[in-house]
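Throughout, residue positions are numbered sequentially from 1 according to the sequence presented. Note that ligands are numbered from 1 as they come in the structure, with each ligand's atoms numbered from 1 the same way.
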Amino acid sequence: MSAGRGFTWDFAMALGYAGLAMLGVQFALTARFRRATAPFGIDIVYYFHRYLAVFALAIVCAHYAIVRLYGPAALGSADPRIAPAYMTAGRLALLLFVAVVALALARRALRLEYELWRVTHAFLATAAYALALWHLLGAGGYLDSLWKEALWAGYGAFWVVLIAYVRLVRPFRVARSPWRVAAVRPERGRVWTLVLESPSGARLQFAPGQFAWLSLGVSPFAMREHPFSIASSAARPERIELSIKELGDFTATIKDVKPGETAWLEGPHGTFGVDLRPQAPGYVFVAGGIGIAPIMSVLRTLADRGERRPLVLFYGNRVWERVAFREELDSLARRLDLRIVHALLEPPQEWSGERGYIGREVLERHLPAARAQLEYFLCGPTPMTLAVERALAGLGVPAARVHSEIFEWA
Ligand SMILES: Cc1cc2nc3c(=O)[nH]c(=O)nc-3n(C[C@H](O)[C@H](O)[C@H](O)COP(=O)(O)OP(=O)(O)OC[C@H]3O[C@@H](n4cnc5c(N)ncnc54)[C@H](O)[C@@H]3O)c2cc1C
């Protein structure tokens, strides 16, 4: 294809290059580089990855549509036996990109198993990108000098190296530091706490509220890791506890894990937690169900540090018998200046605490007058988190003081 055929043609080509450049960046967005994700939070980076993919795909589709409308002759035959290989590569790349994005958006509706989807997603996206690069280098009427070709080939090679690092080098490093299951402790509400110790005495230095990817029963190369908040105190980095709620295929197996089994942790990740807001006059936590896990880490750590500032915990659950850690929370309340407000959806008859969902009225009843100065940490089901964010905004708490941890990214 030749360069410089007027504005529409040039625009279509520019869209192709821009779309491909953006799609390359997707590999970096999901590479979990701690320093790069820390300023935003890794969940936000994953959301950005999602929206950018849709935008980049729209740009690549526009590239194809404009050529189809204004220069169909340049497309030639769609028959792969006649068409140049780089054109077939371009067509295939477009189909694969559409499939990658469609599968990601429809995963839940299609009831695709998360891990199967994840592996398929990674392979299809890499194949689509390689095909698109082949198309660009083959068709590239704008790559009329060796330098320009080298630039795009180098750009493509960079992502290949990055993928190799993420899929091979990093798992290799994780595999070299195994952890051993020391105990599996049942908690209330179908939650199991996995206690991990390092046979070599290694430590996982983390900030309270952070999480790690856990591989259990499979090697770190298998792409079958799951993210879990670290629930234990950051003052004990040699003994890591993850509190896991039975929910699906993997989490249902935790109760059967035997002491002595090997586990691997990749992390820590995440920006949820009080250490990034050390100047606050006090902290408020709002947990729903297993959303208590990162908050347990924060409270245990604060207790170990001898924290004296006032703390309030709003903790929503369905029934009293299934309130995980409720006894330990009472003992933490004796070590800290901590007020606990339990809210139950199905309270027993004699219940004198809060009933129903945690909303504006519940918050208003228990928050101090100077509530706008406090820092808020929310973790629970998405509807709860959104409702509490709205309620806090209505109570005059600046959005910058409200921090939410999301357990459902995809
Ligand atoms: C930052 C973060 C911290 C979390 N902390 C905790 C915690 O402390 N305790 C706890 O019980 N749960 C936690 N979760 C949720 C936990 O990761 C999922 O419940 C678990 O991975 C579900 O796996 P499953 O096979 O049992 O369930 P499935 O039924 O297969 O999955 C249920 C949903 O969980 C998500 N999910 C499944 N597998 C993965 C995966 N490999 N990576 C990312 N998401 C996945 C998907 O949205 C899926 O739709 C956390 C999630 C995130 C993102």
Side-chain angles (χ1 to χ4, degrees), residues 30 32 34 37-38 40-47 49-50 103-122 166 171 174 184-196 206-218 220-232 240-257 263-273 285 287-300 317 322 324-325 377-382 385 403-410:
T30 50
R32 301 186 202 157
R34 267 178 263 165
T37 55
F40 316 100
I42 196 163
D43 48 343
I44 302 296
V45 173
Y46 270 89
Y47 275 101
H49 160 66
R50 210 163 201 236
L103 281 178
L105 297 179
R107 178 183 70 81
R108 277 177 199 271
L110 296 173
R111 293 168 190 256
L112 253 183
E113 195 216 338
Y114 184 90
E115 285 162 334
L116 174 68
W117 165 77
R118 194 172 162 220
V119 173
T120 315
H121 186 75
V166 170
V174 170
V184 181
R185 210 171 53 224
E187 314 284 359
R188 290 179 181 274
R190 295 196 351 262
V191 174
W192 277 264
T193 293
L194 200 61
V195 183
L196 303 174
F206 65 96
Q210 286 194 298
F211 69 94
W213 260 274
L214 168 74
S215 300
L216 188 67
V218 288
F221 291 96
M223 281 184 74
R224 294 187 81 85
E225 19 48 325
H226 291 255
F228 292 105
S229 300
I230 302 170
S232 47
I240 299 295
E241 295 187 6
L242 309 174
S243 291
I244 298 175
K245 170 114 183 165
E246 189 175 325
L247 181 81
D249 295 349
F250 174 73
T251 46
T253 64
I254 299 298
K255 59 179 177 298
D256 302 320
V257 172
W264 290 271
L265 292 174
E266 197 270 296
H269 292 275
T271 51
F272 184 78
F285 307 96
I290 192 56
I292 193 69
I295 292 168
M296 284 308 292
S297 174
V298 174
L299 294 175
R300 286 163 168 161
N317 281 282
R322 294 196 217 134
F325 305 111
F377 297 89
L378 282 42
C379 187
T382 308
T385 307
H403 319 280
S404 305
E405 181 72 312
I406 303 168
F407 278 3
E408 300 146 354
W409 290 342

Handout entry: Identity of the nearest option to atom 10 (C) of ligand 1, non-hydrogen atoms only, from W213, W117, F228
Key = F228
Practice task
Answer yes or no: does atom CZ of R188 have more than 12 heavy-atom neighbours from other residues, nucleotides or ligands under 6.0 Å?
Solution key: yes
Exercise for the section: Say whether R107, considering both its backbone and side-chain N or O atoms, lies within less than 3.5 Å of an N or O atom on ligand 1. Expected result: yes
Exercise for the section: Please work out whether the ring planes of F250 and H226 are parallel, tilted or perpendicular, with thresholds of 30° and 60°. Expected result: parallel
Problem - ligand 1 contact by R108, heavy-atom criterion under 4.0 angstrom - result: yes
Problem - Residue-ligand contact E225/ligand 1, heavy atom below 4.0 Å - result: yes
Problem - R107/E408 ion pair, N-O < 4.0 Å - result: no
Exercise for the section: Say whether I406 and ligand 1 are in contact under the criterion: heavy-atom distance to a ligand atom below 4.0 Å. Expected result: yes
Exercise for the section: Check whether any N or O atom of P294, backbone or side chain, sits under 3.5 Å from an N or O atom of ligand 1, and answer yes or no. Expected result: no
Fill in the blank from the handout: Going by the 4.0 angstrom heavy-atom rule, the piece of T251 near ligand 1 is both
Exercise for the section: Decide whether the shortest distance between a heavy atom of H269 and an atom of ligand 1 is less than 4.0 Å. Expected result: no
Exercise for the section: Between A293, G248, S297, flag the one that comes closest to atom 27 (O) of ligand 1 by a heavy atom. Expected result: G248
Completion exercise
Nearest heavy-atom contact between V184 and V257 is CG2-O, 3.4 Å
Exercise for the section: Please report the closest heavy-atom contact between F228 and F211, naming both atoms and the distance. Expected result: O-CB, 3.2 Å
Practice task
Please check if any side-chain donor atom of T193 sits under 3.5 Å from a side-chain acceptor atom of E187, or the reverse.
Solution key: yes
